[in-house]
Enquirer: 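Okay, handing you the structure first.
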Amino acid sequence: MTAAADLRLDFTQPPQVLARRLIGARLTLDGVGGRIVETEAYDAGDPASHSFSGPSARNAAMFGPVGRAYVSRIYGVHLCLNVVCGPEPGGAVLIRAIEPLVGIEDMRIRRGADAPRALCAGPGRLCQALGVTMAHNHVSLTAEPFVLEPPVAPLDIAVGPRIGITKAVDRPWRFALAGSAYVSRRFPGPGA
DNA sequence: CTTTTGATGCCCT
DNA sequence: GGGCATCAAAAGA
């Protein structure tokens with residue numbers, strides 16, 4: 001009965017490993033959500049990570065128990081949802097895009113948009129669509145109101161550099177479901 | 001289609 | 001005061 005154990009989520013794994021494992025996982029908040037199709041890893045000691053300069057009021061969740069949410073505000077406007085993880089404090093996986101599956105009407109209302117691809121393609125967008133707020137900071141992702149289920153079977157994963165950062169730009173720590181139309185930005189095609 | 005730019009809150013120096 | 005793990009709207013090609 002342990003064939004599925006290979007896919008089980010282990011939040012003590014390094015962010016680069018868990019970020020891969022989370023592709024295809026099903027995430028819902030109060031019954032609204034879908035399949036994770038894009039993530040990024042932020043490691044302890046990673047210059048691009050919010051945890052790089054050590055614990056602070058803002059990033060405290062990244063130094064707390066694994067398996068919980070780290071919610072942060074960026075550009076003063078948007079929220080980002082992370083999964084705290086890793087063998088040492090300071091690691092997290094940023095959830096960047098979700099393929100909408102359930103609660104789509106709620107998402108449309110919250111987002112003020114109709115196109116399925118405009119609902120959850122981007123960290124700020126998916127937080128708005130799922131109803132994530134700063135009140136979810138430090139909240140466990142493995143208990144209500146969240147449901148987080150690993151993928152049923154291994155999936156084809158695309159890898160590339162992370163987006164929107166200015167440090168450690170070249171680390172290939174962005175992961176996505178290969179060929180998905182719901183990612184925030186396309187990956188470079190085979191031709192270039 | 002692509003590139004550019006303003007809005008906006010909070011942490012850090 | 002600078003800079004940011006973004007988004008949407010506007011302008012150009």
Side-chain angles (χ1 to χ4, degrees), chain A residues 11 14-20 22-23 25 27 29 36-64 66 68-86 89-100 107-139 141 158-177 180-189 191-192:
Chain A
F11 297 108
Q16 300 88 336
V17 175
L18 189 69
R20 226 174 221 285
L22 283 174
I23 298 299
L27 174 68
L29 169 55
I36 296 172
V37 295
E38 184 181 349
T39 61
E40 281 179 3
Y42 288 88
D43 202 324
D46 170 8
S49 173
H50 288 173
S51 65
F52 184 64
S53 299
S56 69
R58 175 198 187 201
N59 63 23
M62 291 187 81
F63 294 89
V66 298
R68 296 198 186 177
Y70 163 49
V71 182
S72 77
R73 189 177 292 278
I74 53 166
Y75 293 102
V77 186
H78 303 288
L79 298 179
C80 284
L81 175 63
N82 298 256
V83 181
V84 178
C85 72
V93 174
L94 169 66
I95 312 297
R96 282 195 57 88
I98 288 175
E99 175 182 340
M107 295 185 193
R108 288 204 174 112
I109 292 168
R110 290 180 183 139
R111 290 273 306 117
D114 284 337
R117 290 177 52 183
L119 297 177
C120 297
R125 288 169 169 174
L126 80 86
C127 282
Q128 191 182 7
L130 299 209
V132 173
T133 70
M134 289 304 295
H136 295 110
N137 200 18
H138 297 280
V139 171
L141 290 163
V159 181
R162 295 175 290 182
I163 290 179
I165 56 174
T166 57
K167 299 164 191 163
V169 173
D170 292 333
R171 300 188 191 185
W173 289 351
R174 177 185 179 218
F175 305 92
L177 180 60
S180 173
Y182 297 94
V183 296
S184 62
R185 284 165 65 168
R186 296 277 183 188
F187 280 72

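Note that the coordinates shown come from a computational prediction; the quantities given were computed from them, not determined experimentally. Naming convention: chains lettered A, B, ... in sequence-line order (proteins, then strands); numbering from 1 in each chain.
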Enquirer: My understanding is that only residues two or more places apart in sequence, or in another chain, count here; which of them pass salt bridge (charged side-chain N to carboxylate O under 4.0 Å, His left out) with A:Arg20?
Expert: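 For A:Arg20, no residue satisfies salt bridge (charged side-chain N to carboxylate O under 4.0 Å, His left out) once neighbours in sequence are set aside.
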Enquirer: Please identify each residue that fulfils side-chain hydrogen bond (donor to acceptor under 3.5 Å, both in side chains) with A:Arg73, with sequence neighbours left out.
Expert: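 Listed in chain order: nothing, the list is empty.
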Enquirer: If I take atom SG from residue A:Cys127 and atom CG from residue A:Leu29, how far apart are they, to the nearest 0.5 angstrom?
Expert: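 Those atoms lie 9.5 Å apart.
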Enquirer: Between the side chain of A:Asn59 and the main-chain N/O of A:Gly54, is any donor-acceptor distance below 3.5 Å?
Expert: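 The answer is yes, because a donor-acceptor pair under 3.5 Å joins these two groups.
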Enquirer: What distance do A:Arg96 atom CZ and A:Leu22 atom CG have between them, rounded to the nearest 0.5 Å?
Expert: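 Answer rounded to 0.5 Å: 14.5 Å.
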Enquirer: Where is the tightest heavy-atom contact between A:Thr39 and A:Val93, given as atom of each residue plus distance?
Expert: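 Minimum heavy-atom separation between A:Thr39 and A:Val93: CB-CG1, 3.7 Å.
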Enquirer: Between CG of A:Leu177 and CZ of A:Phe187, what distance do you get to the nearest 0.5 Å?
Expert: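 Interatomic distance, A:Leu177 CG to A:Phe187 CZ, rounded to 0.5 Å: 10.0 Å.
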Enquirer: Check whether any side-chain nitrogen or oxygen of A:Arg96 sits under 4.0 Å from OP1 or OP2 of C:dT6, and answer yes or no.
Expert: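 Checking C:dT6 against A:Arg96, a side-chain N or O does come within under 4.0 Å of OP1 or OP2.
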Enquirer: C:dA8 phosphate, OP1 or OP2: any side-chain N/O from A:Arg111 under 4.0 angstrom?
Expert: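 Yes, such a contact exists.
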Enquirer: Suppose we screen for salt bridge (charged side-chain N to carboxylate O under 4.0 Å, His left out). Which residues come up paired with A:Arg174, at least two apart in sequence or across chains?
Expert: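 Here the qualifying residues are A:Glu38.
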Enquirer: Protein-nucleotides 4-7 of chain B N/O pairs closer than 3.5 Å?
Expert:
none

Enquirer: Which value, rounded to the nearest 0.5 Å, describes the distance between A:Leu27 atom CG and A:Leu141 atom CG?
Expert: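 If we round to the nearest 0.5 Å, A:Leu27:CG and A:Leu141:CG are 7.0 Å apart.
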Enquirer: Return the set of residues passing ring-ring contact (aromatic ring centres under 6.0 Å, His included) with A:His78 (not counting sequence neighbours), or none when no residue passes.
Expert: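 ring-ring contact (aromatic ring centres under 6.0 Å, His included) check on A:His78 returns nothing, list empty.
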Enquirer: With a 3.5 Å cut-off and no angle check, do the side chains of A:Arg111 and A:Gln128 form a donor-acceptor pair?
Expert: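 A donor-acceptor contact under 3.5 Å links the two side chains.
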Enquirer: What integer distance in Å separates A:Tyr70:OH from C:dA5:C1'?
Expert: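 In whole Å, C:dA5 C1' and A:Tyr70 OH are 9 Å from each other.
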Enquirer: By side-chain contact (heavy atoms from CB on, under 4.5 Å), which residues pair with A:Ala118, not counting sequence neighbours?
Expert: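 If we apply the side-chain contact (heavy atoms from CB on, under 4.5 Å) test to A:Ala118, skipping adjacent residues, the hits are A:Ala113, A:Ala115.
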Enquirer: Could you grab the distance from atom CD1 of A:Ile36 to atom CD1 of A:Ile95, nearest 0.5 Å is fine?
Expert: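 Spacing of CD1 (A:Ile36) from CD1 (A:Ile95) equals 4.0 Å.
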Enquirer: Rounded to the nearest 0.5 Å, what separation is found between the CG atom of A:Leu130 and the CG atom of A:Leu79?
Expert: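 So the CG of A:Leu130 and the CG of A:Leu79 are separated by 11.5 Å.
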Enquirer: Output all residues satisfying side-chain contact (heavy atoms from CB on, under 4.5 Å) with A:Thr133, sequence neighbours left out; order by chain, then residue number.
Expert: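 A:Thr133: side-chain contact (heavy atoms from CB on, under 4.5 Å) contacts with A:Ala135, A:His136.
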Enquirer: Tell me the interatomic distance from A:Arg185, atom CZ, to B:dT3, atom C1', rounded to whole angstroms.
Expert: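 Roughly 12 Å, once rounded to whole Å.
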Enquirer: C:dA5 P sits how many Å from A:Lys167 NZ, rounded?
Expert: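 Distance check: A:Lys167 NZ to C:dA5 P gives 7 Å.
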Enquirer: Would you list the pairs meeting side-chain hydrogen bond (donor to acceptor under 3.5 Å, both in side chains) in which at least one residue belongs to residues 42-52 of chain A, sequence neighbours left out?
Expert: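 Listed once each, the pairs are A:Gln16-A:Asp43, A:Glu40-A:Tyr42, A:Asp46-A:Arg162, A:Ser49-A:Ser51, A:His50-A:Arg58, A:His50-A:Tyr70.
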Enquirer: Expressed as a whole number of angstroms, how long is the span from A:Arg162:CZ to C:dT6:P?
Expert: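 Result: 12 Å.
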Enquirer: Considering every strand and a 4.0 Å limit on heavy-atom distances, what is the contact class for A:Asn82: base, sugar-phosphate, or nothing?
Expert: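 A:Asn82: base contact, heavy atoms under 4.0 Å.
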Enquirer: A:Thr166 near the nucleic acid: base, sugar-phosphate alone, or nothing, with a heavy-atom cut-off under 4.0 Å?
Expert: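 Since only primed, P, OP1 and OP2 atoms lie under 4.0 Å of A:Thr166, the category is sugar-phosphate.
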Enquirer: Given atom CG of A:Asn59 and atom P of B:dG9, what is their separation to the nearest angstrom?
Expert: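 After rounding, the gap between these two atoms is 21 Å.
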Enquirer: I need the residues from residues 48-57 of chain A with at least one non-hydrogen atom less than 4.0 Å from DNA chain C; give them sorted by number, or say none.
Expert: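 Output list: A:Ala48, A:His50.
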Enquirer: How about A:Arg125 and A:Cys120: do any of their side-chain heavy atoms sit closer than 4.5 Å?
Expert: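 Of all side-chain heavy-atom pairs linking A:Cys120 with A:Arg125, none is under 4.5 Å.
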Enquirer: What protein N or O atoms touch nucleotides 9-12 of chain C N or O atoms at under 3.5 angstrom, if any, and at what distances?
Expert:
none

Enquirer: To the nearest Å, how far apart are A:Arg73 CZ and C:dG3 C1'?
Expert: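 Nearest whole value for this atom pair: 17 Å.
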Enquirer: A:Glu40 CD to C:dA5 P: how many Å, rounded?
Expert: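 Going from CD in A:Glu40 over to P in C:dA5 covers 10 Å.
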Enquirer: Assign A:Ile165 to base, sugar-phosphate, or nothing according to its heavy-atom contacts below 4.0 angstrom with the strands shown.
Expert: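 Sugar-phosphate contact only.
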Enquirer: So if I take residues 115-136 of chain A and measure heavy-atom distances to DNA chain B, which residues fall below 4.0 Å?
Expert: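 Per residue number, the list is empty: none.
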Enquirer: Represent DNA chain C in dot-bracket notation, 5' to 3'. Only Watson-Crick or G-U wobble pairs with both distances under 3.5 Å count; pseudoknot-style crossings use [ ] and interstrand partners use |.
Expert: ||||.|||||||.
